[in-house]
Amino acid sequence: MQPVFIFDSPQLGENIGAAARAMRNFGLDRMRLVSPRDGWPNPKAFSAASGAGIVLSNAGVYSDLESALGDFQRVYATTARKRELTKKVMSPRSAMMEIRELAAGGVSVGVLFGSERAGLENKAISYASAVISVPAVAEFSSLNLAQCALLIGYEWRLSEQVADPVTSLELTAANVIEKVILADKYTEELSKSGFFDAAQNEEAKKINLRNLFLRHDFTMSEVKTLHGIRQFLTRRRMH
C-alpha cells in the first residue's frame with residue numbers, strides 16, 4: 001500500500017500538474033488536494049502533468065485539512081523550517097523506509113506538503129507524527145511542490161529495494177480524526193476548568209496540546225483508555 005500525497009492549499013495549476021508528473025515517475029498515483037486556490041479541475045494542471053493525468057483525475061479534493069487527513073493512521077509533514085512544535089525529524093530516506101514498513105503492515109499513511117506561498121503552518125504540522133526535512137543549505141532551503149514530490153517519490157522507490165516487508169499489528173493504530181477527537185475532548189474539559197484562562201497565548205497553548213496527542217502513535221485501545229481517564233476525572237470533579 002503506497003502513501004498518499006496531500007497538498008495543502010496549492011496555488012498554481014501548473015505546480016500541481018508538475019507534482020503529479022513527479023509522483024507518477026516513481027509509481028505513486030494517490031493524491032489529495034486541500035482547497036486549491038484556483039479551483040478544481042484545473043486545465044493548466046492537466047497540461048503540466050505531461051501524461052500523468054490519471055493522478056489528477058483520481059485526486060481527492062477536500063475543503064479542509066482535517067477531513068483530508070482524518071482517515072490516516074500516520075501523517076508525515078514536509079517542512080524546511082525549524083518549528084516550535086516537538087516532532088521527530090526525519091530525512092526523506094529514513095522516513096520512506098519507515099513508511100514502507102508501516103504500509104507493508106497495512107497502516108494508512110499520508111505525506112503532507114504545504115503551499116507554494118508559505119509552506120505548512122504549525123496547526124497543519126500538529127497533525128503529523130513526524131516531520132520530513134530535506135538537508136538543503138540553510139540559506140536557500142525551500143523547494144517547489146514538484147521538486148519536493150520528486151525527491152520524496154524517489155526515496156519511496158529506492159526504499160523498495162532495501163526494505164524487508166513486515167507483518168504488523170499496527171492495523172489497530174488510531175487514525176488522525178480519532179486522535180483529534182481525543183485532543184478536542186481534553187481541550188474542552190481543560191477550558192471548563194480554567195486551564196487556559198491565564199495563558200498569554202491561548203491558541204498556541206491549544207495547538208501545543210493537540211500536537212501532544214497527534215504526534216504519538218496511539219492504538220485504539222490506548223485512545224479508549226485516555227477517554228476513560230478523562231471521563232473518570234470529570235465525574236470526580238463534578239462530585
Side-chain angles (χ1 to χ4, degrees), residues 1-34 36 44-56 58-60 65 68-69 72 74-83 85 87-104 107-122 124-125 127-163 215:
M1 182 167 60
Q2 63 176 245
V4 180
F5 280 19
I6 306 102
F7 297 91
D8 183 26
S9 304
Q11 296 179 298
L12 297 175
E14 295 91 333
N15 290 339
I16 299 172
R21 181 178 181 181
M23 291 173 61
R24 188 67 174 160
N25 284 147
F26 299 104
L28 294 161
D29 55 20
R30 303 174 67 199
M31 172 187 281
R32 293 185 182 183
L33 304 172
V34 182
K44 292 181 179 179
F46 282 84
S47 177
S50 300
I54 189 171
V55 178
L56 301 175
N58 294 331
L65 194 57
L69 298 177
F72 294 113
R74 299 286 188 278
V75 174
Y76 293 73
T78 61
T79 182
R81 289 181 286 172
K82 292 183 178 179
R83 303 288 182 166
L85 300 178
K87 295 285 185 187
K88 177 171 67 172
V89 179
M90 309 182 73
S91 70
R93 183 156 300 178
S94 61
M96 290 304 106
M97 288 289 294
E98 182 172 282
I99 289 172
R100 186 168 288 278
E101 290 185 359
L102 290 171
V107 176
S108 56
V109 179
V111 180
L112 179 61
F113 299 81
S115 69
E116 300 95 314
R117 181 183 60 84
L120 291 171
E121 301 296 333
N122 277 351
I125 294 173
Y127 287 101
S129 302
V131 165
I132 301 174
S133 183
V134 177
V137 293
E139 63 271 20
F140 196 64
S141 60
S142 65
L143 302 174
N144 66 36
L145 290 187
Q147 287 175 320
C148 198
L150 184 76
L151 194 154
I152 301 299
Y154 168 77
E155 293 295 346
W156 166 257
R157 188 72 172 174
L158 185 66
S159 70
E160 183 178 24
Q161 302 173 22
V162 293
R215 69 186 170 92

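Everything numeric in this text was worked out from a predicted model, so none of it was measured.
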Practice prompt. Report the C-alpha distance between Glu160 and Arg100 in whole Å, list the side-chain angles of each, state the deciding distance to 0.1 Å, and finish with yes or no for side-chain contact (heavy atoms from CB on, under 4.5 Å).
Written response: CA-CA 8 Å; Glu160 183 178 24; Arg100 186 168 288 278; 3.5 Å; yes

Give the table of side-chain donor-acceptor pairs shorter than 3.5 Å for residues 142-157, with sequence neighbours excluded, one pair per line with atom names and distance.
{"unit_1": "Asn144", "atom_1": "OD1", "unit_2": "Ala146", "atom_2": "N", "d": "3.2"}
{"unit_1": "Asn144", "atom_1": "OD1", "unit_2": "Gln147", "atom_2": "N", "d": "2.7"}
{"unit_1": "Gln147", "atom_1": "OE1", "unit_2": "Asn144", "atom_2": "N", "d": "3.0"}
{"unit_1": "Glu155", "atom_1": "OE1", "unit_2": "Arg93", "atom_2": "NE", "d": "2.9"}
{"unit_1": "Glu155", "atom_1": "OE2", "unit_2": "Arg93", "atom_2": "NH2", "d": "3.2"}

Discussion item. Strictly distance-based, threshold 3.5 Å: is any side-chain N or O of Thr78 a donor or acceptor partner for the main-chain N or O of Leu112?
Written reply: yes

Discussion item. Is the shortest side-chain heavy-atom distance between Pro10 and Leu33 below 4.5 Å?
Written reply: yes

Worksheet item: Taking all non-hydrogen atoms of both residues, which atom of Ile125 and which atom of Lys87 are closest, and how far apart?
Response: O-CE, 3.3 Å

Response to the item:
What one should report as the nearest heavy-atom pair of Ala124 and Asp8 is CB-OD2, 4.3 Å

Worksheet, complete the sentence: On a heavy-atom basis, the closest approach of Glu116 and Ser9 is OE1-O, 4.3 Å

Practice prompt. Would you confirm whether Arg24, through its side chain, and Ala52, through its main-chain N or O, come within 3.5 Å as a donor-acceptor pair?
Written response: no

Response to the item:
In this structure, CD1 of Ile54 is separated from CE of Met31 (nearest 0.5 Å) by 12.5 Å

Worksheet item: If every non-hydrogen atom of Pro92 is compared with every non-hydrogen atom of Val134, which pair is closest and at what distance?
Response: CG-CG2, 4.0 Å

Worksheet item: If you look only at pairs with a residue in residues 127-136, which of them pass as a salt bridge (charged side-chain N to carboxylate O under 4.0 Å, His left out), with sequence neighbours excluded?
Response: none

Worksheet item: Is the shortest heavy-atom distance from the side chain of Leu56 to the side chain of Ile16 under 4.5 Å?
Response: yes

Item to complete: Heavy atoms only: give me the nearest Leu28-Val55 pair and the separation to one decimal.
Response: O-CG2, 4.0 Å

Worksheet entry | With Phe72 via ring pair (Phe, Tyr, Trp, His ring centres under 6.0 Å) - residues at least two apart | none

Response to the item:
Of all heavy-atom pairs linking Val107 and Arg74, the shortest is CG1-CG, 3.8 Å

Worksheet entry | Spatial distance of atom CD (Glu98) from atom OG (Ser159) [nearest 0.5 Å] | 11.5 Å

Worksheet entry | Arg30 side chain to Gln2 backbone, donor-acceptor under 3.5 Å | yes

